[in-house]
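All values derive from a computational prediction rather than experimental measurement. Remember, it's 1-based here, ligands and their atoms both numbered in the order they're listed.
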Amino acid sequence: MLSNKLTAAVGTLLGFAASVCADNPIIQTIYTADPAPYVWNNTVWLFADHDENGSKTYNMKDWRLFSSTDMVNWRDWGVVMSLKTFSWARADAWAGQVVARNGKFYYYVPMTRNGASYGIGVGVSDTITGPYKDALGKPLVANGAIDPTVWIDDNGQAYLYWGNPNLYWIKLNNDMISYSGSINNAEMSSFQGHFAEGPWVYKRNSTYYLVYAGHCCPEDIRYSTASGPTGPWTYRGQVMATQGASFTNHPGIIDYKGGSYFFYHNGALPGGSGYTRSIAVEKFTYGSDGSIPNMKMTTAGAPQIEPLNPYAQVEAETIAFSSGVTTAASNDGGIYVTSINNGDYIKVKGVDFGAAPGATDMEAVVCPLSGQATGQQDLFFKFVGSGGQDLFNFNWWQFNKGGAAAAK
Ligand SMILES: *[C@@H]1O[C@H](CO)[C@@H](O)[C@H](O)[C@H]1NC(C)=O
Ligand SMILES: *[C@@H]1O[C@H](CO)[C@@H](O)[C@H](O)[C@H]1NC(C)=O
Ligand SMILES: *[C@@H]1O[C@H](CO)[C@@H](O)[C@H](O)[C@H]1NC(C)=O
């Protein structure tokens, strides 16, 4: 073990693959799909489905959570809900969305059921990070329902929408786990045949937006708008053309700290495909008429909103980009970085070491920095060791000004 080292370096490490310059896809430790971003407590919470590595068809068992306050460094919160949460579920932990109400968090997700087709279940938790429990013991809606999106209007009325290849909606009751009236079939003539699945509904100013995957398959992203939450919808255009190695796509849109962000998925991670997808994000600006611009998938991703402070304890699973490593949950529910092999690395972007005296060293297995780290830098943790596999686990790190720093 003595020869196994954690090396912290600031600036660019020479000889690294070009991918260290990329921030998209935003999660590299697992394959993620169907982004459902949610802004709560001044943080972006990104709920995601999870494609098992090596899948040749849909193989999805749990739902994952990540968070960020700067849009580039994402903290991994692990599994927040899984098929095991729902006694009636058989397989297919597919696209869902979370919303907060009455001091609780509600997570709407589709699954296939034992002996039946898809149904949408509801997970509920007192904290956004879960774990979520089955609120109903059965699906809220069944008969093949997939791709739920939830929206609470200004007057408090909540709506759940879903559907492939038709769009359906219901009025949720205040308890968020039952509904009033019947299941409605949205009038779709104005969609001009573009709607396929993956609806994402929200309101901006007085306009209701319905963003969706079009033209299965390969899919692109389109949108329609309306003056009310149930339409009639007017087709507005394409948001993102078909691009990359995934034959599906799925939208998620938020405003955060004054910017607007479009989340989607593709197959851009090594080993990526339509069954091993990855979530990516772009920043955009609405047109003066409320239009969403047409965007391309990039490897650059969204710009960093604010620098990261290295003088407070930072969880090691806070990552802008990584290679080789994975994360796991400890017995107390905390997450740590593991599967660390020789040559693997973690990049933490835009770390602000401040003016001199900056950070002079960092201790894990002791790690002197050559010189002093000052100013705003990308921070790389590069793992070096003999004996090949699983050098050590990595839980958190912290620098101190002009002195030793710590990591565990
Ligand atoms: C998938 O598995 C391969 C082979 O073990 C590994 O190299 C790769 O990092 C994994 N990728 C993800 C995203 O889990
Ligand atoms: C909200 O975020 C702050 C700052 O990160 C944190 O200290 C606080 O615990 C969070 N509140 C809740 C209810 O999680
Ligand atoms: C539209 O909404 C955005 C985001 O809430 C806000 O910043 C902007 O001022 C609004 N524009 C108008 C014309 O109301």
Determine, stepwise, if the pair Glu306 / Lys257 fulfils salt bridge (Lys or Arg N to Asp or Glu O under 4.0 Å). CA-CA 10 Å; Glu306 61 197 18; Lys257 292 183 178 170; 3.1 Å; yes
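For atom 9 (O) of ligand 1, the nearest protein heavy atom lies 4.0 Å away or farther. Within a 4.0 Å radius of atom 13 (C) of ligand 2, the protein contributes one or more non-hydrogen atoms.
Close approach of ligand 1 to Thr29 is summarised as follows: ligand atoms under 4.0 Å from at least one heavy atom of the residue are 14 (O). Below 4.0 Å from some heavy atom of Gln28 lie the following atoms of ligand 1, by number and element: 13 (C).
In this structure, the protein non-hydrogen atom closest to atom 4 (C) of ligand 1 is Asn53 ND2, 4.6 Å. For atom 3 (C) of ligand 2, the nearest non-hydrogen atom of the protein is Asn41 ND2, 3.7 Å.
Aromatic rings of Tyr264 and Phe262 (six-membered ring for Trp) have centroids within the 6.0 Å cut-off, being under it.
Cation-pi contact between Arg204 and Tyr286: present, with separation from the ring centre below 6.0 Å and deviation from the ring axis of at most 45°.
Ring planes of Tyr107 and Phe47: perpendicular class, angle over 60° (limits at 30 and 60°).
With hydrogens and angles left out, the side-chain atoms of Asp289 and Ser291 include a donor and acceptor closer than 3.5 Å. Side chains of Asn249 and Gln243: no donor on one and acceptor on the other come within 3.5 Å.
By the criterion of a heavy-atom distance under 4.0 Å, the side chain of Leu269, and not its backbone, is placed next to ligand 1.
Assignment of Thr326 to the shell around ligand 1 is not supported, since no heavy atom sits closer than 4.0 Å.
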